[in-house]
2 protein chains.
Amino acid sequence: MKPVRAQGGVATRTANKLKRKQTILNTARDIIATGGYASFTLAELAIQANVTVPTIHNLIGNKSEVLTQLVVDMVERTEQVLSSTAFKDPISAVESFTDNLMSLYHDDEAFYKAAFVIGEQESMFEHGHAGGIFKKSLKLAYQVCLDAKEHGFLVGNINSELLADRLFANQRIARYDWMHGYIDLSEYRCQMICGMLLTFAADATEEYRPVLIAKMSTVFLESVEQR
Amino acid sequence: MKPVRAQGGVATRTANKLKRKQTILNTARDIIATGGYASFTLAELAIQANVTVPTIHNLIGNKSEVLTQLVVDMVERTEQVLSSTAFKDPISAVESFTDNLMSLYHDDEAFYKAAFVIGEQESMFEHGHAGGIFKKSLKLAYQVCLDAKEHGFLVGNINSELLADRLFANQRIARYDWMHGYIDLSEYRCQMICGMLLTFAADATEEYRPVLIAKMSTVFLESVEQR
DNA sequence: TGTAAATTTTATGCAACATAAAATTTAATA
DNA sequence: TATTAAATTTTATGTTGCATAAAATTTACA
């Protein structure tokens, strides 16, 4: 008769497994942050994490799965930033949103950059994906448009879905340029703010448009003279 | 004494070399257009072009150089489209620009998509690069902004460099989404037109803004109901 | 048709990802 | 604390793709 065993063993093992898994992932993160995505190989990861390559396969999976895990962690942290918004007016909405992102990315810029490149390469940002970050962000942008209209900042001549699309697109293109190393974090900030404020300006009231344009000009000129 | 030889032999060889080189590049293009970028290996290219791998290295270079050649060809064709513009008004400028691009990409969509992905991966679109397509496109966008202001479509409250940046950015983000397979060619068209018209709208005169918004709404709604 | 140069191919190496099977470690329990 | 079965790690090996030196072949001209 087979001996029946308590569950304690399994639970302990599972916990340890998770810990080792996390150690490997942290090492992976370090490698990418330090030497860039190109320097990331399973062999190098194995050496730095003090295991062998098959162990990585056993604990996490193939290279693609290791990378996916890193990006999932990153997206989760980014989503937390996105969710913390309370609407007052378009300018402060854009500013607080931007500054939240900036302070997140500032800490570990090399890693975040790489993670976005990897996520794109691994097709993790599919627009169609229902629970995906794309749909969530668009929904958020749409809500901001509705709020702005309700508070009398927008006229409402432009379809809110269209406006939300543009708001999101302008935010994204700035991120693309940053993650591909075309611009630095401070220019990312400028492009993002200008893009979003300009989008609002297209549907702003007569009184509010000059305010948006003034703010936009300030941010733009500040950034230009820094170069 | 060494025999002196005429230049004919060299010239003939050079011409033949170019021809063979072009054959290989055309085959490469076919492979990418048919099976996507992932299916492109030097071994596969050698087989389909009826040569061996070292021959490819000899005639063109390493994998990266083969890809670079393909992208250079593509960029040249795209630049021709960009240059053929005569300004009348913002709407027709945007429309003709867009439709020129669309008709170019329509013929060989899979290849163009892949070529943009490759170009990005090979860092061929560096913003700083003086003679690069980035600077050229920005300059073009800037000129359109000046024209639009001169013809009385824009007020001029928004800095023209800023406006050109946004015009170009909105065009680019639509292309990113298309080249990564997130949207199809017709949606690419819609996003690009809406993005650029909205940018103009932010600085348009009182009379012209409704015209821009009306056009934008038409394009947007047409695209939405197609889905 | 011979010849020197150019070109192609054969043969081989290297790097990175991946996995089967053997060896080792682990944690509960008697 | 010694045993044991399961989990885990490692050794050994395979595969694929890029790259190149050196040998074999082809080329175009005299």
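To find a chain, count down the sequence lines: A is the first, B the second, and so on, and within it residues start at 1. Predicted model only: the values in this text are computed from it and were never measured.
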Between C:dA18, D:dT9, D:dA19, which nucleotide gets closest to the side-chain atoms of A:L42?
C:dA18
So does A:R29 pair up with A:D73, basic N to acidic O under 4.0 Å?
no
Closest non-hydrogen atom pair, B:F125 against B:F116
CE1-O, 3.6 Å
Starting at CD of A:E120, measure out to CD of A:E126 and round the result to the nearest 0.5 Å.
11.0 Å
A:M192 side chain near A:M196 side chain, heavy-atom distance below 4.5 Å
yes
What does the list of N/O pairs under 3.5 Å between the protein and nucleotides 10-13 of chain D look like, with a distance for each?
from: D:dT10; atom 1: OP2; to: A:T52; atom 2: N; distance (Å): 3.1
from: D:dT10; atom 1: OP2; to: A:T52; atom 2: OG1; distance (Å): 3.0
from: D:dT10; atom 1: OP2; to: A:T55; atom 2: OG1; distance (Å): 3.0

In whole Å, I'd like the distance from the CD1 atom of A:I60 to the P atom of C:dC17.
14 Å
Taking atom C1' of C:dA16 as reference, at what distance in whole Å does atom OH of A:Y37 sit?
12 Å
Nearest 0.5 Å please: distance from the CG atom of B:L45 over to the CD1 atom of B:I56.
4.0 Å
Please report the distance, rounded to the nearest Å, between CD1 in A:I31 and P in C:dA16.
12 Å
Is there a donor-acceptor contact under 3.5 Å from the side chain of A:T23 to the main chain of A:K19?
yes
N or O in side chain of B:N62 less than 4.0 angstrom from D:dC18 OP1/OP2:
no
Between CD of B:E44 and P of D:dT15 the distance, given in whole Å, is 19 Å
Measure from CG on B:L59 to P on D:dT20 and round the result to the nearest Å.
15 Å
Quickly work out the A:I47 CD1 to C:dA16 C1' distance and round it to whole Å.
12 Å
Phosphate contact (D:dT8 OP1 or OP2) by A:K17 side-chain N/O below 4.0 Å:
yes
Rounded distance in Å - NZ (A:K19) to P (C:dT26)
13 Å
Whole angstroms only, please: what is the CG-P distance between A:L18 and D:dT8?
11 Å
Any heavy-atom pair between the side chains of A:L163 and A:L167 that's under 4.5 Å?
no
